[in-house]
Amino acid sequence: MKKLLFLLPFLAFFAVNAQNNTINLIPQPVEMQQLNGTFSLQNGQTVGFSTAEARGVAEMLVQKLNAPTGFGFKTQQGKSKAIQLSLNEVANEKIGKEGYILSATPNGVVITANQVAGLFYGAQTLLQLLPKEIESKTATKTNWTIPAVQITDYPRFGWRGIMLDVSRHFFSKDDVKKYIDQLARYKYNVFHWHLTDDNGWRIEIKSLPKLTQVGAWRVERAGHFGDRPDPKEGEPATYGGFYTHEDIKEIVKYAQDRNISIVPEIDVPGHSLAVLAAYPELSCKKEKAYVNPGTPFSEWYGNGTFKMLVENTLNPSDEKVYEFLDKVFTEVAILFPNQYIHVGGDECYKGYWAQDAGCQALMKKLNIRHVEDLQGYFMGRVDEILKKKGKKLLGWDEILEGGISQSATVMCWRGIKGSIEAAHLGHNVVMTPTIFAYLDYNQGDPTIDPPIYAYLRTKKSYSFEPVPEGVDAKYILGGQGNLWTEQIPTLRYAEYMTYPRAWALSEVYWSPKAVKNWDNFSGRMEKHFERADLAQVNYSQAVYDAIVKTSIKDGKMIVEMDTEISGMAIFYTIDDTMPDNFSAKYSKPVELPDGNITLRVQTYRNGKPIGHLITLKRADLEKRVGR
Ligand code: ACM
């Protein structure tokens, strides 16, 4: 016994060290080999950079290191013994434009890359190799070491994006920057900025000042978005905001410094109520319109079919509409260096076109029989405008329906089918199917998280394979996650809805298919929860909650339960008592007795409750039958 006690301090030391040496990178790199020993950060060390181009990454890294360590790292052009960032003089073909090689030994860390983007990603990996306290806002004492390791890493896809809708709710310039910064940490390289919609126009267009004087503002409303009352006559429009040209230049530069390119979206011809509030003459009926504060202005009939109760479309038969769009795209093209402009094209209701004499005359002239095909004409005109500005058209998959030029890139959201069709037609495709990539969907039980019309678990996002079977991978540029913000009024909640699903998707779009493994990812994800806590970034913990599904068999309610993460136990009651780990333990589908039963479910891990208590009355259970 004495001998064993004597060993204890060593074991404790070993345990701390082992803990510090676990590597939990997201996204998982292509190749990684952990070596013996550690490298320690120390006060007075420098970050060296090979050429002036790499200075920016070195400076950003020094800033990230200095605040939490309290050390005084400095950058140094040329060679440093501690941390070195070097651009290859002869390109390493294997790692491409965004890849890097990170070599950490007890003597120092060397990151090499062909381009600055690769150095930036190598630096992000280095930060993730450091203890979680590297995310602290203030100087913190810890063992500032990283394990010795050899990493070769590069992305699977060139397009790794997240879309943020700033129309349904306005996010300030600083919010947008903070959001972009977090995306860059997980090696995303596209920020798709949904700048216009029925609920607000968010980009200054100097030649069309009413777009932001009028279109950026709506009446203040509380309560569930989509159930809100209409504006009253004369009520001032006080909720909103927009980005000036100066704001946009600043954000574009901020993103560029983090290897993120911004794709602006101007959503036309539908979703244009904010335009019509400013310029009602661009619609068919030319009636006075207002920026929508979240009223029930459409009816949905399932299967994607719907009716707009108010006109929110531009009139495709009016030349003034194309003059308007030319002005808008002139300014957008100058502000955003990205070769793509996203022109929307989704959910365009054609009911007002069908009743309009001008549209009917145009259809006759074009020999078009179906009003739906007017969208193809409209998009063709938009494509011509963009080509004149030297830009490429990108649109939601509805742009395929009316026919679109071969050069258009299709963003597939309504499922996998559209992407197969688009690729077979020779279009480049960005994958963002709702069932894997819609970050506005509920991630946990709909009785716990605020209700949304659909749900998507992190595990499902992680299972996404972006290259559909039978499609030549060369057409799949990559993919994104989309955050629509009807129900997201704050940055904090935008983060909650984004993570951990965007971490899962970062691995889908960056890592080789062969290294993907949910159990392994979920362990790393939990470590990133701890990092996010220190970084004061919000995330959902729905992965700890039970998944409760119901079905009816022989007239009886059958309940099936599961967990997203392995290693958890599910306990439940049906007798109106609070469940604990002495209650019934779930092991197989349960047949509920008839009667006014309430099911209460609690997950446990290592003998401790984890996640939320889920309480489902019979009516709740019935509602989810077969879902
Ligand atoms: C979309 O979700 N309306 C593209």
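Remember, it's 1-based here, ligands and their atoms both numbered in the order they're listed. Atoms considered below: every heavy atom in the structure, side chains included; atoms not considered: hydrogens, waters and symmetry mates. Everything quoted here is computed from the prediction, not taken from an experiment.
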Crowding at NZ, Lys178 (>12 non-hydrogen neighbours, <6.0 Å): yes

Examine Tyr441 together with Tyr455 and report whether their ring centres are nearer than 6.0 Å. no

For Tyr509 and Asn189, does a side-chain donor sit closer than 3.5 Å to a side-chain acceptor? no

Tell me whether Lys460 forms a cation-pi arrangement with Phe436, defined as NZ or CZ under 6.0 Å from the six-membered ring centre and within 45 degrees of its axis. yes

Exercise answer, ligand 1 polar atom pairs (N/O) under 3.5 angstrom:
residue  : atom  : partner : partner atom : Å
ligand 1 : 2 (O) : Tyr438  : OH           : 2.6
ligand 1 : 3 (N) : Asp346  : OD2          : 2.7
ligand 1 : 3 (N) : Glu347  : OE1          : 3.2

Within a reach of under 6.0 Å around NZ of Lys417, are more than 12 heavy atoms found that belong to other residues, nucleotides or ligands? no

Checking Lys389 against Thr330: is there a side-chain donor and acceptor pair closer than 3.5 Å? yes

